[in-house]
Structure formats: structure tokens, C-alpha cells
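Take a look at the structure set out below.
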Amino acid sequence: MAKSALSVPRVLFGRGKRSMRDLVPGERGVLVQYLQLALKRAGFPVNTDGIFGARTCASLREFLGDTQTCQVGARQWERLFPYLKGYTTWQIQEGDTLWKLAARLHSSVHRLMTANPTVDPANLQVGTVLLVPFDFPLVSEEVAYTSYLTDWIMEGLLVRYPFLHEEPAGNSVMGRELMVLQIGEGSRQVFYNASFHANEWITTPVLLKFAEEYAEAFSRGQQLAGVPASWLYYGFRLSLMPLVNPDGVDLVNGALDDTAYEKQAQQLAAGYPDIPFPAGWKANIDGVDLNLQFPAGWENAKRIKYSQGYQSPAPRDFVGTAPLTAPESQAVYTYTVRNAFSLILAYHTQGEVIYWKYLDYEPENSYRIARYFGEVSGYTVEETPSVSGYAGYKDWFIQEYNLPGYTIEVGRGVNPLQMEQFAGIYEDNLGILTGGMTQLI
């Protein structure tokens, strides 16, 4: 891609504009990674190491065309956003064609036609504003994920693939909207979610990448993991909630934008010195474990976790004062109740394990599907250990609906898993993600 800054896109699907913190040389962290990711996509030789050093500074100056500026404030972020959201805009001028614009704006004719389905390529109207998706994958496999990056990717996906839809399911403690991305027009509904636990954030890009690959395959009339994407699209309606716990994920990855909540979390963590902070944080920002909040043996979960010393808000394993008191868990619960899902997947880390059962409930075909998931992923299929076997979302779904529900524990190691594992995790889970639909037939 040529080394130039393009026009700033309109906010089309906003959950409101969120201000970005200023960055200066010498800083480190995930926001620096996002600066570097944008510069790299714009054609500059920077590493996404999260260190705002001399090379990043030089690339930023060249990108901006300003030899004096080596900091990122509101104006500079606006110039960078197109490369994080994956699109820009262009007002059609006399003599433009889609083929010329694709070459000039680093897109493709296919992407332009997909993003602008009402535009007649043989009769472009001067003055019409086109959405211009860049011709690079939107979901990065290099950087850590936060609510910021998730929002940008969701917006970019909706621009690239206007047959996708999104809807709000609720809000986090800090007011972040919990968005659901929908793909498909079929009668069978399935629901996948990720990042109930803050330090399990690597599951968020798993769902986002699946959405991108699915949508791209459908737009091109291709297959996804050996299955015609059109068959999936017209047979099923897939709902994806890629980020259940945005506040907690932002805390773990150093992007929390509220010092009062950050201080509260630090104070809670101080009571648990054996849990590293923030890397060991699983809970929502109020110290409630969102996957111990569902009305399926909640009292048993309370007894177990209280006996382990988690009797009040904590970095992990506090069940709350009652079921569904955390707004994020309430949002997932309510969204499930108001739909008619035939199967759910709840993504967690780590262990490469598939948990398929709750107590003595064995929904029809649930074990067969679990064995299929194990075969295509290489993961083991197990019953949930008793110390973790109550009050989870999967547990409640099975109890309430007697339908297949699964907790998928991806990757191996110590949470939070790093993005070096992502490619392998995604490859292992592609068969599960497609199989959550194909195996219902």
C-alpha cells in the first residue's frame, strides 16, 4: 500500500465516538500497538511491539507529512482510524471507474461492489460517496484485543459486508454496549460468545476472524471449511457476541479509560496477592465472575467458591450476591431468552478441552456433536469438573432448554494466552465453528 493518509470515514455504525488517549514517544502498551498496526497497514516498516520508539516516530512523521509531529492526539488518531477500521470513503468524480478506484485506493472491485450493493458500476454518479474497504484482512493476528479494537473491527465488518447485522444485547458495568453480530437468514439459530473471562481475551478474535472468513466466503460464493458458505447462510442464523466482558478485558490489556474503576480493581486485587494483577483478572470490573452467575446450581457454586476463599468481589471466582446480578451476565441471559437457539458455544481458555454436559442432562445429539468437535479439533471431550460444574452459561442453557451447549477451552498455557498461539487456535476451532451449524442437520 502506498505511504499516504487517506480520507477519514464517517462514523456509520457508532456506538458513539470514544476519545483515544494521547500517545508520546517512549510509551508502551496496547494503544501503541494499534498505532503501529495502522502504520504497518499504511505501508510503513514498523513492528507491532507496543514500544513508541524511533522507528515508529519516523514512520508516523512520514505518514502525517509532518516532520515536526511525533505524538498522537485526536487529529492524528482520526488520520489513523481508516487503517484500524479497514475502510475509507470516496466521493465519485468525473472519469472515475470502480477499476481505477480499486487500484488507486488499495481496494478491489469485488470489495467495492460488495460494500456498495446499490451502485451500478456501469453508471457511477458523480458526487456519490462510496465506501472503500481496503484489501487487507481486517482481523489482526498480531496485537492484543480490547473493546476499542473490537468496536473498530465490528464497524469495518459491517461496512465490508452489508448483509451482516448487529444489535445491542445490553451493557457492561462501565456502560460499554455488548454487541451481537448476526450472519445468515436461516430458520435454525445458533449463538457463540467469547471473553466471559477477562484474561481469556484471545477468544474474541477467534469469533471475529470466523465472522470475517464466513462473510468473505459468502460474498464470493466460496466454501468455508469445506462447506458452501451460502448453505450455512440460508440455513442458519448465527449470532456472535465476541466480547462479553469488555471492561475486564480492557483492564487486563492496559486500555481501561477510567482511573476510578482501575483503582477499584487494584484495591480488590490487593486482597489476593497470589493472583497476578492484572494478568490474573477474570472477573468483570466489579469483581464478579460472569460465568458463575447463571441460575443452574448457583448455590452449589457459591458453597464451593466460598470454601475456596472467594466470598466477596475478587479478581476471579466470586459468584456475586445472587444469580444474574452482573449486567454482562444478565445481557447474555436476556439475549438467549428472547431468541430460540438450537445450540450454543461459550469460548474460554485454556486446556484444549470440550465440556458438553451438565449434571445428568444429556440433550439429544449433544454427545455425538461433542465427539465430532473433538475429532475435528483434536481437543478432548470431558464432563465439567465438579469444582467448576455449576452456575455457568453452558450449564444454564442445557438445564433450561435441554439442547446442546458447550464450553470450548482453547489453547494451552497460562492465561492470558498470547497471540503467538492464535493461528493454531483458530485452525483447531474452524471445524467446531462450522460444525455448530452443520451438525444440527
Side-chain angles (χ1 to χ4, degrees), residues 30 33 37 40-41 48 84 86 136-146 149-150 152-154 156-157 160-161 164 181 183-184 190-197 199-220 222-227 229 232 236 238-244 249 252-253 343-355 369-370 372-381 406-439:
V30 70
Q33 280 194 317
L37 177 64
K40 186 174 182 179
R41 286 174 167 176
T48 53
L84 296 168
F136 56 70
L138 183 57
V139 178
S140 171
E141 300 185 19
E142 301 178 50
V143 300
Y145 275 68
T146 64
L149 185 57
T150 301
W152 298 331
I153 290 173
M154 292 275 276
L157 288 173
R160 290 182 177 213
Y161 309 107
L164 299 179
L181 189 68
I183 180 169
V190 292
F191 180 37
Y192 305 164
N193 52 59
S195 292
F196 264 94
H197 290 145
N199 63 355
E200 300 174 10
W201 56 262
I202 201 170
T203 57
T204 290
V206 170
L207 295 193
L208 292 172
K209 183 175 176 66
F210 181 67
E212 181 172 25
E213 290 199 345
Y214 180 178
E216 182 69 7
F218 177 73
S219 75
R220 293 182 180 274
Q222 296 175 343
Q223 293 188 344
L224 179 67
V227 181
L232 296 174
F236 300 90
L238 172 62
S239 296
L240 301 169
M241 186 185 290
L243 187 53
V244 174
V249 168
V252 169
N253 282 327
L343 176 147
I344 62 93
L345 301 179
Y347 265 86
H348 292 258
T349 63
Q350 46 79 37
E352 299 186 349
V353 179
I354 299 163
Y355 295 122
I369 294 172
Y372 173 83
F373 288 166
E375 290 169 3
V376 297
S377 65
Y379 288 8
T380 59
V381 176
Y406 305 92
T407 296
I408 313 294
E409 300 276 359
V410 309
R412 288 188 180 275
V414 177
N415 290 333
L417 304 181
Q418 299 304 301
M419 286 301 284
E420 286 77 11
Q421 286 201 44
F422 178 79
I425 288 172
Y426 184 75
E427 182 179 355
D428 290 343
N429 280 272
L430 184 56
I432 295 177
L433 292 161
T434 53
M437 292 174 277
T438 63
Q439 294 303 300

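Atoms considered below: every heavy atom in the structure, side chains included; atoms not considered: hydrogens, waters and symmetry mates.
Using cut-offs of 30° and 60° on the angle between ring planes, the pair His348 and His197 is perpendicular. Taking the six-membered ring for Trp and thresholds of 30 and 60 degrees, Tyr192 and Phe210 have ring planes inclined between 30 and 60 degrees apart.
Screening Thr146, Val249, Leu208 for a side-chain contact (heavy atoms from CB on, under 4.5 Å) involving Leu243 leaves a single residue, Val249.
Shown here for Glu142 and Leu37, the closest heavy-atom pair between the two residues is OE2-CD1, 4.4 Å. In terms of heavy atoms, Thr203 sits closest to Ala194 at OG1-CB, 3.4 Å. Shown here for Glu409 and Tyr379, the closest heavy-atom pair between the two residues is O-CE2, 3.6 Å. Looking at every heavy atom in both residues, Leu138 comes nearest to Leu84 through CD1-O, 3.8 Å. Between Lys209 and Phe422, the shortest heavy-atom distance links the atoms CD-CE2, 3.6 Å.
Residues satisfying the side chain to side chain contact (heavy atoms under 4.5 Å, CB included) test with Gln421, not counting sequence neighbours, are Leu417, Ile425. Under the rule for a side chain to side chain contact (heavy atoms under 4.5 Å, CB included), the partners of Ser219 that lie at least two apart in sequence or sit in another chain are His110, Thr114, Tyr161, Phe163, Glu216.
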Worked check of side chain to side chain contact (heavy atoms under 4.5 Å, CB included) between Leu232 and Leu238 | CA-CA 9 Å; Leu232 296 174; Leu238 172 62; over 6 Å; no

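Arg160 forms no cation-pi arrangement with Phe218, by the criterion of a distance under 6.0 Å to the ring centre and an angle within 45° of the ring axis.
Between the side chains of Asn415 and Thr349, at least one donor N or O sits under 3.5 Å from an acceptor N or O.
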